[in-house]
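Note on naming: letters A, B, ... go to the chains in the order of the sequence lines (proteins, then strands), and numbering restarts at 1 for each one. Please read these numbers as outputs of a predicted model, since none were measured by experiment.
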Protein chains: 2
Amino acid sequence: MGKQMTEMLKGTLEGIVLAILAARSAYGYEITARLRDEGFSDIAEGTVYALLVRIEQKGFVDVEKVPSEKGPPRKVYTLNAQGREFLEEFWTTWSFLADRIGQLREDGGK
Amino acid sequence: MGKQMTEMLKGTLEGIVLAILAARSAYGYEITARLRDEGFSDIAEGTVYALLVRIEQKGFVDVEKVPSEKGPPRKVYTLNAQGREFLEEFWTTWSFLADRIGQLREDGGK
DNA sequence: ACCAGTACATAGTAACGCTAAATAGTGGTC
DNA sequence: GACCACTATTTAGCGTTACTATGTACTGGT
């Protein structure tokens with residue numbers, strides 16, 4: 001998708017994944033597939049798994065190992081209270097940034 | 001402003017500065033001050049200068065040294081054709097991302 | 001002489017997404 | 001029964017970017 005998107009995802013991808021998990025629990029492979037379906041055509045698998053490790057270490061999610069009929073066991077991630085709190089902050093930060101940038105665009109930064 | 005904003009600025013700050021320059025030419029100290037006024041309260045000076053070096057090396061801006069009455073000479077940056085083209089791409093990428101994330105927020109990723 | 005404000009520069013660090021490759025389980029096909 | 005495709009996770013190494021911290025330099029006021 002280009003270098004520009006890569007850099008833009010830094011700091012937002014974490015929020016995106018948490019928002020996905022806020023809707024319902026999911027596992028890595030599923031999240032990657034969903035992101036791809038939604039237009040993030042070349043999110044690397046490794047990227048998602050590394051991110052999941054991070055949010056687990058930060059304590060934003062609870063993890064459960066669930067057997068799969070189609071392959072190795074899945075690690076299902078569920079957003080917990082701490083994660084929900086962090087997601088709140090994410091939305092606040094995102095809104096601020098999106099507002100500022102939207103403003104800039106109107107102001108002739110076109 | 002917090003670590004979250006720091007990470008989010010990666011990939012967007014460049015576009016923000018280019019958008020500022022699209023409105024009119026400016027120099028580093030001025031850009032930093034303007035960003036601070038507009039709510040990016042703790043953008044580090046060094047960050048802006050380093051970014052300006054980068055966009056100059058990429059050929060997005062033309063530079064002119066202008067004497068100042070109040071201090072050392074200013075380096076005034078002006079967006080050129082290449083920079084304008086890059087800014088276009090930035091808006092495209094940004095729009096896509098902002099749309100996706102807005103969608104996620106509506107879909108119960110709250 | 002000193003200090004605040006203006007103005008620019010840069011070495012080192014941390015965080016994060018990507019590349020690439022490895023491991024492992026299931027099912028189908030020849 | 002060997003191979004391949006799909007599912008599923010992991011991890012080492014890399015490049016880019018913003019921040020920290022510090023240094024340089026010019027002007028004006030006290």
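Summarising the geometry of A:Val61 relative to A:Glu56, their closest heavy-atom pair is CG2-CA, 3.6 Å, with the distance given to 0.1 Å.
Along DNA chain D, the nucleotide nearest A:Gly71 and the nucleotide nearest A:Glu7 are compared for position; the residue whose nucleotide lies closer to the 5' end is A:Gly71. Toward the 5′ end of DNA chain C lies the nearest nucleotide of A:Glu45, the other residue of the pair A:Lys70 and A:Glu45 mapping further downstream.
B:Gly46 comes within 4.0 angstrom of a base, heavy atoms only.
Going from atom CZ of B:Arg34 over to atom C1' of C:dA7 covers 16 Å, rounded to whole Å. Between A:Leu35 atom CG and C:dC18 atom C1' the separation is 15 Å, expressed in whole Å. Put simply, NZ on A:Lys65 is 8 Å from C1' on D:dT9, counting in whole angstrom units. When the P atom of C:dC16 is taken as reference, atom CD of A:Gln4 falls 21 Å away, rounded to whole Å. In this structure, CZ of B:Arg36 is placed 12 Å from C1' of D:dC19, rounded to the nearest angstrom. In this entry the distance linking NZ of B:Lys3 with P of D:dT20 reads 13 Å, nearest Å. As a whole-Å value, the separation of B:Glu30 CD from C:dA7 C1' is 12 Å. Atoms CG (B:Leu52) and C1' (C:dC8) sit 10 Å apart, rounded to a whole Å.
Residue A:Leu87 holds its CG atom at 10.0 Å from CZ of A:Phe60, rounded to the nearest 0.5 Å. One distance of note links OG1 of A:Thr6 with CD of A:Gln4; it measures 10.0 Å at 0.5 Å rounding.
Using a distance-only test at 3.5 Å, with no hydrogens or angles considered, a donor-acceptor pair links the side chain of A:Arg36 to the main chain of A:Ile43. A side-chain donor-acceptor contact under 3.5 Å links A:Glu30 to the backbone of A:Tyr27.
Distances shown here put a side-chain N or O of B:Arg54 below 4.0 Å from the OP1 or OP2 atom of D:dT17. In this structure, A:Tyr27 reaches the D:dA8 phosphate: one of its side-chain N or O atoms is under 4.0 Å from OP1 or OP2.
Side-chain proximity of B:Ser68 to D:dA8, C:dT6, C:dC18: nearest is C:dT6. With C:dT19, C:dT6, D:dT11 as the choices, the nucleotide that has an atom nearest any side-chain atom of A:Thr47 turns out to be C:dT19. Residue B:Lys75 has its side chain nearest to C:dC8 when only C:dG17, C:dC8, D:dA18 are considered. Taking every side-chain heavy atom of B:Tyr49 into account, C:dA7 is the closest of D:dT7, D:dT11, C:dA7. Of the candidate nucleotides D:dC26, C:dG17, D:dA18, D:dC26 has the atom lying nearest to any side-chain atom of B:Pro72.
Contacts with DNA chain C (heavy atom under 4.0 Å) in residues 8-17 of chain A: A:Leu9, A:Lys10, A:Gly11, A:Leu13, A:Glu14, listed by number.
Few gaps surround CD on B:Glu89; more than 12 heavy atoms of other groups in view lie less than 6.0 Å from it.
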Donor-acceptor list for residues 8-25 of chain B side chains, cut-off 3.5 Å, not counting sequence neighbours:
residue, atom, partner, partner atom, Å
B:Lys10, NZ, B:Glu7, OE1, 3.2
B:Lys10, NZ, B:Glu7, OE2, 3.4
B:Thr12, OG1, B:Met8, O, 2.9
B:Thr12, OG1, B:Leu9, O, 3.2
B:Glu14, OE1, B:Lys58, NZ, 3.4
B:Glu14, OE2, B:Lys58, NZ, 3.1
B:Ser25, OG, B:Thr78, OG1, 2.8

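If you check the side chains of B:Ser95 and B:Arg100, you find no donor sitting under 3.5 Å from an acceptor.
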